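Have a look at the structure below, then the notes.
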Amino acid sequence: IALNSVQKYKGRDVDPETVGRELNVGAVVLGRVVHRADALSVRTELIDARDRSQMWGETYNATLSDLPTVQQEIADKISRSLHLPVNDADAGRASRQETANVEAYRLYLKGRYFWNKYTEDGWKQALKYFGQAIELDPNYALAWAGLADSYYQLSSLVLVPGEAIPAARAAAARALAIDDRVAEAHASLGMIKGQYDWDPRAAEKEFKRAIDLNPSYATAHQWYGMHLYANGSFETALGELTKAQQLDPLSMFVSVTAVWPLLHLGRDDEAIRQLERIIELFPNVPDVVAYLHEVRGQVHMRNRRYDEAIAEFVHGFRTQMLCGDGPEPIERLLSAYHSGGLDGYWHTQLELAVAWYQQQVKDARAQSVLRYVSPFRLAELYARLGDTERAFELLADAFKNRDENMRWLKVESLLVDSPWQSLRPDPRFAEMIRGVGLDE
């Protein structure tokens, strides 16, 4: 189970039976580390989650520099206690010591902790910690892979893709030059080749290599699922995303991406229930709540329940992205709907969105590090209102910048009542779909 899902139990009194049920695991490792100066005392035990019985336990007294060796010994003894079959890939991973520098290892773990927050500040913090780990050990392949992941996540959302992706590619290449068996680096390259190079075959090769090297790496399954989704392989995509959920059951973003193919497969109620479960786990994450509003609005629109749809859309993530997050745009949008119906609503949203986009671009240019402001959703709104030329102009801008949102254009246009459907008869639409490496 991924560290991201296990992290929530750190520092708490843990009932192994509860953990077993929540994470769907058969056994739980509990441990306590006491650190005084350079001395370590590590107490660890393996507990059967079904009856809370101890399967193995031991105490280690060591120095800080012994930590990687102690960690490996614990892992080996747990594997033997569980009678796990070990294949060549497992043995290769287990035999490697990623870094002999304990501080570099600690910084790497901090980097992964912040990376898994899936926020701009989290990714920037992750960049800092991965960079510090590399300063201490320049041959730390996992830290280079973490650097690649962070640059990739910041591209299109925060940084200009043409600047962030080359940095991500260089970091992934450095990781693989150190050790070609690092699954994380292959997965990073898969995203770069699929989302930026628009080379789906090369991307698939990297994702499969990552999964072969580490079948338990949840992010590789998630990103491969997103890749399959972009190509319209919804059932296969859902299989990979479900596997990612099994490996990382408490990951917010993995669970959110698993909603995407459900909507295409007509499983709307299931998609909504999943989002509601995510909000139960993460009640203080506004973006997930906004996405739930958006999905509910889409379902209402498909069923011609327009009053209910607008009530959801004004709180949805597209409204926040296009118009800002505040009471004033919501009031204007609701007033426009009540006085002018759907047509009045969409035209008012366009007015707000244009003003918001122009302000965002102005603010981005004023910053020392140029921020990227994606025109993709604004293009979608123009398409909804039938302004084909302006929609294509903005899409062309996104295409030129190799905006990762372009990879979702095909599948989003397949949804019933999608705004993009108005562009599909135009030959330029098919040309764009082929341009990002997808079949029309």
Side-chain angles (χ1 to χ4, degrees), residues 1-35 40-62 67-87 89-91 93-95 105 109 112-113 115-118 183-184 211 213-222 225 238-258 270 273-283:
I1 299 297
L3 175 65
N4 180 54
S5 282
V6 178
Q7 192 77 30
K8 67 167 286 188
Y9 301 102
K10 182 179 178 179
R12 293 169 45 189
D13 290 331
V14 173
D15 173 28
E17 190 174 9
T18 301
V19 175
R21 184 175 61 253
E22 291 179 349
L23 298 184
N24 192 29
V25 296
V28 179
V29 179
L30 301 179
R32 178 177 177 82
V33 179
V34 179
H35 178 203
L40 284 176
S41 176
V42 182
R43 168 64 186 168
T44 186
E45 56 184 343
L46 179 67
I47 305 296
D48 191 317
R50 295 166 297 183
D51 58 11
R52 300 187 180 91
S53 62
Q54 186 187 69
M55 303 170 70
W56 168 82
E58 200 159 326
T59 298
Y60 297 83
N61 293 305
L67 183 58
T69 303
V70 171
Q71 178 174 280
Q72 186 59 57
E73 186 174 343
I74 291 171
D76 290 341
K77 289 188 175 181
I78 288 171
S79 296
R80 288 197 291 272
S81 298
L82 293 171
H83 308 290
L84 296 177
V86 179
N87 59 34
D90 292 329
R93 284 198 307 276
S95 66
Y105 177 64
L109 291 180
R112 279 298 172 194
Y113 169 77
W115 187 85
N116 277 303
K117 286 181 174 292
Y118 275 90
E184 291 84 347
I211 291 169
L213 286 167
N214 187 357
S216 296
Y217 184 37
T219 300
H221 290 281
Q222 180 199 6
L238 184 59
E240 288 296 328
L241 292 168
T242 300
K243 179 64 175 176
Q245 282 184 294
Q246 292 167 352
L247 293 166
D248 199 353
L250 301 183
S251 167
M252 177 183 70
F253 192 56
V254 167
S255 296
V256 167
T257 51
E270 191 176 340
R273 284 196 302 271
Q274 176 148 313
L275 284 168
E276 289 171 343
R277 286 194 297 269
I278 298 169
I279 290 169
E280 287 178 8
L281 289 171
F282 303 96

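Positions are given from 1, in the same order as the sequence printed here. Keep in mind the model is a prediction, meaning the values are calculated, not measured.
Between Leu46 and Leu82 the shortest side-chain heavy-atom distance falls below 4.5 Å. Residues Tyr60 and Thr69 are not in side-chain contact: their nearest non-hydrogen atoms beyond the backbone lie 4.5 Å or more apart. Looking at heavy atoms from C-beta onward, Pro249 lies in side-chain contact with Ile1 at the 4.5 angstrom threshold. Taking the side chain as every heavy atom from C-beta outward, Gln222 and Phe253 approach each other to under 4.5 Å. With a 4.5 Å cut-off on side-chain heavy atoms, Leu40 and Val34 do not count as touching. For the pair Thr44/Val29, a side-chain contact is recorded, criterion being any heavy-atom separation below 4.5 Å from C-beta on.
Here the CG atom belonging to Leu247 is positioned 5.5 Å from the NE2 atom belonging to His221, to the nearest 0.5 angstrom. Atom CG in Leu281 sits 12.5 Å away from atom CD in Glu276 (nearest 0.5 Å). Of the inter-residue distances, the one linking Leu23 atom CG with Leu250 atom CG reads 5.5 Å to the nearest 0.5 angstrom. For the atom pair CD of Gln246 and CG of Leu241, the computed distance is 11.5 Å after rounding to the nearest 0.5 Å. Taking CG from Leu238 and CD from Gln245, the interatomic distance works out to 8.0 Å, rounded to the nearest 0.5 Å. Note: Gln72 CD to Ile74 CD1 = 10.0 Å, rounded to the nearest 0.5 Å.
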Worked verdict on Ile211 versus Tyr217 for side chain to side chain contact (heavy atoms under 4.5 Å, CB included): CA-CA 7 Å; Ile211 291 169; Tyr217 184 37; over 6 Å; no

Would Thr59 and Val42 count as a side chain to side chain contact (heavy atoms under 4.5 Å, CB included) here? Give the steps. CA-CA 6 Å; Thr59 298; Val42 182; over 6 Å; no

Is there a side chain to side chain contact (heavy atoms under 4.5 Å, CB included) between Thr219 and Trp115? Walk through the geometry before answering. CA-CA 12 Å; Thr219 300; Trp115 187 85; 4.1 Å; yes

Walk me through whether Arg52 and Asp15 qualify under side chain to side chain contact (heavy atoms under 4.5 Å, CB included). CA-CA 8 Å; Arg52 300 187 180 91; Asp15 173 28; 2.8 Å; yes

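Of the possible donor and acceptor atoms, none in the side chain of Glu45 sits under 3.5 Å from a partner among the backbone N and O of Gln54. With hydrogens and angles disregarded, no donor-acceptor distance shorter than 3.5 Å links the side chain of Ser5 to the backbone of Ala2. Asn116 places a side-chain N or O within 3.5 Å of a backbone atom of Arg112 that can act as its donor or acceptor partner.
Residues that satisfy the salt bridge (charged side-chain N to carboxylate O under 4.0 Å, His left out) test with Arg50, not counting sequence neighbours, are Asp48. When the salt bridge (charged side-chain N to carboxylate O under 4.0 Å, His left out) test is applied to Glu22, no partner is found at least two apart in sequence or on another chain.
A 6.0 Å sphere centred on CG of Asn24 holds no more than 12 heavy atoms belonging to other residues, nucleotides or ligands. No more than 12 heavy atoms of other residues, nucleotides or ligands lie within 6.0 Å of CZ in Arg32, so this atom counts as exposed by the packing criterion. When the shell of 6.0 Å around CZ of Phe282 is examined, it contains more than 12 heavy atoms from other residues, nucleotides or ligands.
Looking at Glu73 and Lys77, a side-chain N of the basic residue comes within less than 4.0 Å of a carboxylate O on the acidic one, giving a salt bridge.
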